[in-house]
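Structure record follows, encoded as structure tokens.
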Amino acid sequence: MKKALYPLVFQPILKEKIWGGEKLNKHFNKPSHSKKLGESWEVSTVPNDVSIVANGDLKGESLQDLVNDYSSELLGEKNWKRFGNAFPLLIKFIDAKEDLSIQLHPNDELAKKRHNSFGKTEMWYVMQADKDANLIVGFNGDIDKATYLKHLENNTLTEILNFDKVKEGDTYFIEAGRVHAIGAGVLLAEIQQTSDVTYRVYDWDRTDADGNMRELHNDIAIDAFNFEMPNDFKIDYKKQKNASNKIVSCPFFTTNFIEINSEIHKENTYDSFIIYMCVDGNVEILTNGSSTMISKGETILIPANIKDFKLKSSYGRLLEVYV
């Protein structure tokens, strides 16, 4: 007999990066003493990086096994029909002590052809930013392929990129094909398609401890660019308390912002799992059979077959994510 599903918390998958820092350890209590901790993968089925349940009767089970075993009960009927046993999202917290590489990601068609993978459309929610910290998103003017290649060849790429100073609560939607980079001093939540495919086009000429530069992918990246995108990547959204305020809705995911200072009754009408990322404070998730508290920097997955539950907090901020 299968065990009943309930709100699932997973062990974080921690990633050291050349650009990482210590905020994930110090602010979110992630179990690491590394001074180069760049990412905490909260929900993942990327091969070799599959999330493991950390709570309840299913503790120790992998998310991929749960998808295989519970199918539409976990994913929702429409998601099961669309994705089969491929979990569609990868959820992360990212700490950039130094600038990330300038990069972009392929769309579904190109990623499937080259890597047998989903493409990578993503969004960012800034949780903390040091003074004058910035993000790079898109270009600072109309740029065509020839102009881009000229600046790439002349090592003047940064002259045509768009730099945005950021603060807590700023939100960006990064479609596949758009150039971008997280700047030094930014701590953020990232919601993306399940893909680990990145095309790195410039890495600030830096080297690792052995004096080696990281690989660039300019030969294949050029085909992934979409130079026709409008500059609509920064998202304004409402912040009505105790309600779901839509930030982004795209074919790959919907993300809402919720600030809670009471108790909210939620009905899952989406025919989807729901992921909550706590971006400030703490929130209790109450179902008929369970009570689970998540705090800032923690994540929980509500299976699709849980149709009614409550969110309770004196102060908490959540990102609500579903497909």
Side-chain angles (χ1 to χ4, degrees), residues 17-21 38 92 94-107 110-111 119-193 195 197-206 213-237 247-250 252 255:
K17 299 289 183 178
I18 193 172
W19 40 261
K92 302 177 182 177
I94 298 177
D95 170 28
K97 184 177 181 180
E98 300 177 16
D99 295 323
L100 271 68
S101 63
I102 297 167
Q103 58 189 243
L104 74 157
H105 310 293
N107 61 23
L110 192 57
K120 189 173 174 183
T121 285
E122 61 191 352
M123 67 155 285
W124 294 332
Y125 175 92
V126 176
M127 296 178 67
Q128 185 271 334
D130 296 347
K131 183 180 179 181
D132 296 329
N134 61 59
L135 299 173
I136 294 173
V137 187
F139 298 106
N140 57 20
D142 293 333
I143 299 295
D144 58 20
K145 180 177 178 179
T147 304
Y148 168 80
L149 289 172
K150 180 180 178 182
H151 281 276
L152 187 66
E153 182 180 354
N154 293 336
N155 204 30
T156 56
L157 189 58
T158 56
E159 293 180 6
I160 59 172
L161 297 174
N162 173 62
F163 290 77
D164 271 10
K165 283 188 181 179
V166 293
K167 63 183 184 305
E168 179 186 351
D170 285 349
T171 305
Y172 288 79
F173 180 53
I174 317 293
E175 293 180 84
R178 192 189 295 282
V179 68
H180 61 276
I182 302 172
V186 178
L187 176 68
L188 56 76
E190 180 176 275
I191 295 143
Q192 60 160 93
Q193 292 176 268
S195 170
V197 179
T198 293
Y199 294 161
R200 193 180 297 127
V201 299
Y202 180 61
D203 198 31
W204 311 101
D205 300 320
R206 66 181 152 201
M213 290 187 177
R214 293 196 295 174
E215 181 183 4
L216 300 179
H217 310 103
N218 285 302
D219 53 338
I220 57 174
I222 192 63
D223 296 332
F225 271 95
N226 182 347
F227 291 102
E228 305 300 321
M229 286 182 171
N231 291 331
D232 56 357
F233 41 76
K234 189 171 183 181
I235 308 298
D236 291 322
Y237 56 98
I247 303 175
V248 168
S249 185
C250 70
F252 312 110
T255 302

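Counting heavy-atom neighbours within 6.0 Å of D142 CG, excluding the residue itself, gives a total of 12 or less. Summarising the local packing, CG of D236 is surrounded by 12 or fewer heavy atoms from other residues, nucleotides or ligands at distances under 6.0 Å.
A salt bridge links R206 with E98: at least one charged nitrogen is closer than 4.0 Å to a carboxylate oxygen. Ionic pairing of K165 and D170 is not present here: no N-O contact between side-chain nitrogen and carboxylate oxygen is shorter than 4.0 angstrom.
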Would you check, one step at a time, whether the test salt bridge (charged side-chain N to carboxylate O under 4.0 Å, His left out) holds for K167 with D130?
CA-CA 8 Å; K167 63 183 184 305; D130 296 347; over 6 Å; no
Quick one, R178 with N231, criterion side chain to side chain contact (heavy atoms under 4.5 Å, CB included). Give me CA distance, side-chain angles, the key distance, then yes/no.
CA-CA 10 Å; R178 192 189 295 282; N231 291 331; 4.2 Å; yes
Evaluate the criterion side chain to side chain contact (heavy atoms under 4.5 Å, CB included) for residue pair R200 and I102; output intermediate values, then yes/no.
CA-CA 6 Å; R200 193 180 297 127; I102 297 167; over 6 Å; no
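Under the 3.5 Å distance criterion, with hydrogens and angles disregarded, no donor-acceptor pair is assigned to the side chains of Q192 and H105. With hydrogens and angles left out, the side-chain atoms of D164 and Y172 include a donor and acceptor closer than 3.5 Å.
Side-chain contact check for L135 versus L188: some heavy-atom pair is nearer than 4.5 Å. For the pair L216 and Y202, the minimum side-chain heavy-atom distance is 4.5 Å or more. Proximity of V248 to Y237: side-chain heavy atoms (C-beta onward) are nowhere separated by under 4.5 Å. Taking 4.5 Å as the limit, every side-chain heavy atom of N226 sits out of range of all side-chain heavy atoms of L104. Between L110 and I220, every side-chain heavy-atom pair lies at or beyond the 4.5 Å cut-off. Using a 4.5 Å heavy-atom cutoff, the side chains of W19 and K97 are not in contact. In this structure, F139 and V179 have side chains that are in contact, with non-hydrogen atoms separated by less than 4.5 Å. For the pair Q193/F252, a side-chain contact is recorded, criterion being any heavy-atom separation below 4.5 Å from C-beta on.
D99 places a side-chain N or O within donor-acceptor distance of the main-chain N or O of A184, the cut-off being under 3.5 Å. Judged purely by atom type and a 3.5 angstrom limit, N218 uses its side chain to pair as donor or acceptor with the backbone of V201.
The nearest pair of heavy atoms linking G119 to S195 is O-CB, 3.4 Å. Pairing each heavy atom of I94 with each of E190, the nearest pair is CD1-OE1, 3.5 Å. In terms of heavy-atom proximity, W204 sits nearest to S101 at NE1-CA, 4.2 Å. The minimum heavy-atom distance linking E122 with F173 is given by the pair O-CD1, 3.6 Å. Pairing each heavy atom of L161 with each of N140, the nearest pair is O-ND2, 3.4 Å. Summarising the geometry of I174 relative to V137, their closest heavy-atom pair is CD1-CG1, 3.7 Å, with the distance given to 0.1 Å.
If you take CD1 on I247 and CD1 on I235, they are separated by 9.0 Å, rounding to the nearest 0.5 Å. Annotation: the span from L152 atom CG to K145 atom NZ amounts to 12.0 Å, rounded to 0.5 Å. Going from atom CD1 of I182 over to atom CG of N134 covers 11.5 Å, rounded to the nearest 0.5 Å. Here the OH-CZ distance, from Y148 to F225, works out to 3.5 Å after rounding to the nearest 0.5 Å. Distance check: E175 CD to K120 NZ gives 15.0 Å after rounding to the nearest 0.5 Å. The CG atom of L187 sits 5.5 Å away from atom CE of M127, with the distance rounded to the nearest 0.5 Å.
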